[in-house]
Amino acid sequence: MENPEIARILAETADLMEIDGENPFSIRSFRNAASTLDGMPERVADILADPGRDITQIQGIGKGIASALADILARGSFPRRDEMLARYPPTALEMLRIPGLGPKTVRTLWEQFRVSTLEDLARLCQEQKLRALPRMGAKLEEKILQGIAHYRQSAGRFLINHVSTVAAELAPLLGATPAGSLRRGRETVGDLDLLTSRENALELFLQHPRVHDALAAGSNKASARFGAEGLQVDVRMVPPESLGAALCYFTGSKDHNVALRQRALKLGFSLNEYGLFRLSDETRVAGETEAEIHAALGLDFIPPELRENQGEIEAALHHTLPALIEPRDIRGDLHMHTRESDGRATFHEMAAAAQELGHAYIAITDHSKSLAMANGLDERRAVAFAAEVRQFNAGGPPLRVLSGLECDILRDGRMDLEDGALAELDFVVASVHSYMSLEPAEMTDRLLRAIECPSVKVLGHPTGRVLLHRDAYRYEFDTVARAAAARGVAFEINSSPERLDLHAPLIRRARELGCKFIISTDAHHPRHLSNFHYGVTMARRGWLSASDVLNTLPLAEFLASTRH
DNA sequence: TCGGATTGCCGAAGCCTGTCCACACAGGC
């Protein structure tokens, strides 16, 4: 068993303990252990298998969790978890994912009504039975019903980082190329499609220790679930001469394929997953690579990220496709957190990790004071931090650190810190973290006012969405984008796999309205810094070139290009 | 439950605000 799966079991246990009303410190220990193991490069299984090693040497792993780990590796669970699963249905955990329901309420629902599925819960709300309980009412019933509907919509979809990790593990093993929505860079993915010409690939796939529940196992296709999360993976055998055609077909999108086939028909060809054929005599014209198919159709090569039938075929025909930004174009990361607020590392550790990635500059942007739970900085701490950074830079380090802040935008659009303190800092990201369900007009005014603040260089995670979890807040995007363009405030493309915000349609729109962009990670740990390539993928889906993105510039030009 | 001290026990602890219902719970990164 791999570390992420072990971490998931520990975190799930913590959820159950919370429902059970256990000692908060105990719960916290499980959460901490889960997060430590999740990010650890070394396998827990290897450490436990080595008699010379002691896993309790790892910070946060004591005797209790060490013994749980041994049990988990041996049989997938441990006594404490078994005991709780005997008392609460595993579906209780699903209920925790419905906004408005926390551990206390879930427990009450179970004790009062034996609610064990979301179906039960929905019925209870529809029958207006929830309101019979103390401190519950019509509003909550409505909220829960909405939450369930939303949850069902997103169920069965996975975040891009999860699917990428699985693809990175399986693809080399099977000699396969990922296709489907992962290849297009969609922010969430329903299932993973892998194409291969390697002879024993299907066999290898089905024998893989983490593959289970085979749904199909023919000679051309195998389909099964992978890992504890149950991501569906489809592996297809494709003859080498059809690989390009199959890649085209299985990468999609469906609308793009339809348009591409129409183009083929117009030129007297037929296009399918086996190749491009002349209609008159059924001769194969192309099929081994996508490039030769596109070329035969008189098109420039269309990068997968653009294949949404949003004008890419016309652009490819007229040679007006943009030269899309590449991960190697990125020179800096302008949004990250340290232990000063809710990050896990010091600013020196973040700087070292960023340097290792090849960045030339970073901004440290911890939270501001109104985000109390994150220990946000007040004016005094912010100014002191700016001084500390000046001192750091005085040593002429290879990587330049900018003193920054992710400053909360208050409800009325004012900044959380005084202008004087903000002016001391090199780089201010302005973000919304509260009052996310304002009426659109009020939210628009709020953002417009935030942009007025002279220190603000970029609008952080501009729609506030959290994938599979929370919708974007509502405002008049065009109005804010026009103002941002006029004031020289950039839009962030937040690369955190949970956010990926802005997303493609709004990136494209903002660019049309004259906006510039900054691709940042919002890292809370050194390992998050490598997420910038997800942001680059979003930028590509938004048709951006390096010249649209300010942090592709060398430091001096970057500083000159941001508002000042 | 962990870690560290006091070695069989104690301290740890993001906190503030809105919602919905009647004071507690959930949510914010």
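We name chains A, B, ... by the order of the sequence lines, and we start the count at 1 in each one.
- Nucleic acid contact for A:Ile27: none, since no nucleic acid atom lies under 4.0 Å from a heavy atom of the residue.
- Using P as the reference atom, B:dG4 and B:dT17 are 34 Å apart when rounded to the nearest Å.
- A:Phe30 places its CZ atom 7 Å from the P atom of B:dC2, with the value rounded to the nearest Å.
- The interatomic distance linking A:Glu22 (CD) with B:dT1 (P) rounds to 7 Å, in whole Å.
- Checked for salt-bridge contact, A:Glu127 and A:Arg123 miss the test: no charged N lies under 4.0 Å from a carboxylate O.
- To the nearest whole angstrom, the two P atoms, one in B:dA12 and one in B:dT6, are 15 Å apart.
- Considering all non-hydrogen atoms of both residues, A:His359 and A:Gly332 come closest at ND1-N, 3.9 Å.
- Here the closest non-hydrogen pair linking A:Asp71 and A:Pro79 is OD2-CD, 3.2 Å.
- Both A:Ala374 and A:Leu96 lie near DNA chain B, and the one whose nearest nucleotide falls closer to the 5' end is A:Ala374.
- Per the geometry, CG belonging to A:Leu467 stands 13 Å off P belonging to B:dC29, to the nearest Å.
- With respect to the salt-bridge test (charged N to carboxylate O, under 4.0 angstrom), the residues A:Glu2 and A:Arg8 do not qualify.
- The distance between atom CG of A:Leu371 and atom P of B:dG27, rounded to the nearest whole Å, is 16 Å.
- Using a 4.0 Å heavy-atom distance criterion, A:Arg499 is classed as a sugar-phosphate-only contact.
- Summarising the geometry, the separation between CG on A:Leu37 and C1' on B:dT1 is reported as 14 Å, rounded to the nearest angstrom.
- Ion pairing of A:Lys369 with A:Asp416 is absent here, as no side-chain N (NZ or NE/NH1/NH2) approaches a carboxylate O to less than 4.0 Å.
- Atom-to-atom, CG of A:Asp416 to P of B:dC15 comes out at 17 Å; the value is rounded to the nearest Å.
- Salt bridge annotation for A:Asp20-A:Arg80: absent, with no cationic side-chain nitrogen under 4.0 angstrom from a carboxylate oxygen.
- Ring centroids of A:Phe477 and A:Phe491 are separated by less than 6.0 Å, placing the two rings close together.
- The gap from the P atom of B:dC29 to that of B:dA24 amounts to 26 Å, rounded to the nearest Å.
- A:Arg470 comes within 4.0 angstrom of sugar-phosphate atoms only, judged by non-hydrogen atoms across all strands, and of no base.
- Looking at A:His337 and A:Asp522, their side chains do bring a donor and an acceptor atom within 3.5 Å of each other.
- Side chain of A:Asn494 to backbone of A:Asp501: no donor-acceptor contact under 3.5 angstrom is found.
- A donor-acceptor contact shorter than 3.5 Å links the side chain of A:Ser495 to the backbone of A:Ser520.
- At a threshold of 4.0 angstrom between heavy atoms, the contacts of A:Gln59 are confined to the sugar-phosphate backbone, with no base atom among them.
- One finds no salt bridge joining A:Arg499 and A:Glu492 here, because no Lys/Arg side-chain nitrogen approaches an Asp/Glu carboxylate oxygen to under 4.0 Å.
- Rounded to whole Å, the P atom of B:dC16 lies 29 Å from the corresponding atom of B:dC10.
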Are any protein N/O atoms closer than 3.5 Å to N/O atoms in nucleotides 16-26 of chain B? If there are, list each pair with its distance.
unit_1: B:dT17; atom_1: O3'; unit_2: A:Tyr435; atom_2: OH; d: 3.4
unit_1: B:dG18; atom_1: OP1; unit_2: A:Tyr435; atom_2: OH; d: 2.4
unit_1: B:dC21; atom_1: OP1; unit_2: A:Gly137; atom_2: N; d: 2.1
unit_1: B:dC21; atom_1: O3'; unit_2: A:Arg135; atom_2: N; d: 3.4
unit_1: B:dA22; atom_1: OP1; unit_2: A:Arg135; atom_2: N; d: 2.9
unit_1: B:dA24; atom_1: O4'; unit_2: A:Arg135; atom_2: NE; d: 3.4
unit_1: B:dA24; atom_1: N3; unit_2: A:Arg135; atom_2: NH1; d: 3.4
unit_1: B:dC25; atom_1: O4'; unit_2: A:Arg135; atom_2: NH2; d: 3.0
unit_1: B:dC25; atom_1: O3'; unit_2: A:Thr105; atom_2: OG1; d: 3.4
unit_1: B:dA26; atom_1: OP1; unit_2: A:Gly102; atom_2: N; d: 2.6
unit_1: B:dA26; atom_1: OP1; unit_2: A:Gly102; atom_2: O; d: 3.0
unit_1: B:dA26; atom_1: OP1; unit_2: A:Thr105; atom_2: N; d: 3.2
unit_1: B:dA26; atom_1: OP1; unit_2: A:Thr105; atom_2: OG1; d: 2.6

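- Here A:Asp342 lies in heavy-atom contact (under 4.0 Å) with a base.
- Salt-bridge check for A:Arg81 with A:Glu12: passed, with a basic side-chain N closer than 4.0 Å to an acidic carboxylate O.
- One can place CE of A:Met17 at 6 Å from P of B:dT1, the figure rounded to the nearest angstrom.
- Here, B:dC20 and B:dG28 have their P atoms 14 Å apart, quoted to the whole Å.
- Consecutive Watson-Crick or G-U pairs involving DNA chain B, each under 3.5 Å on both distances, make up stems of three or more pairs at B:1-4 with B:9-12, B:15-19 with B:24-28.
- Contact between the side-chain N/O atoms of A:Arg80 and the OP1/OP2 oxygens of B:dT1 is found at a separation under 4.0 Å.
- Rounded to an integer number of Å, the gap from CZ of A:Arg31 to C1' of B:dC2 is 16 Å.
- Within the nucleic acid shown, A:His337 has no heavy atom closer than 4.0 Å to any nucleic acid atom.
- Between A:Arg411 and A:Glu442 there is a salt bridge, since at least one side-chain N of the basic residue sits less than 4.0 Å from a carboxylate O of the acidic one.
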Give every pair of a protein N or O atom and an N or O atom of nucleotides 8-13 of chain B that lie under 3.5 Å apart, one pair per line with the distance.
none

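- The separation of B:dG3 from B:dA13, taken at their P atoms, amounts to 14 Å, rounded to a whole angstrom.
- Of the P atoms belonging to B:dC21 and B:dG27, the separation is 15 Å, rounded to the nearest Å.
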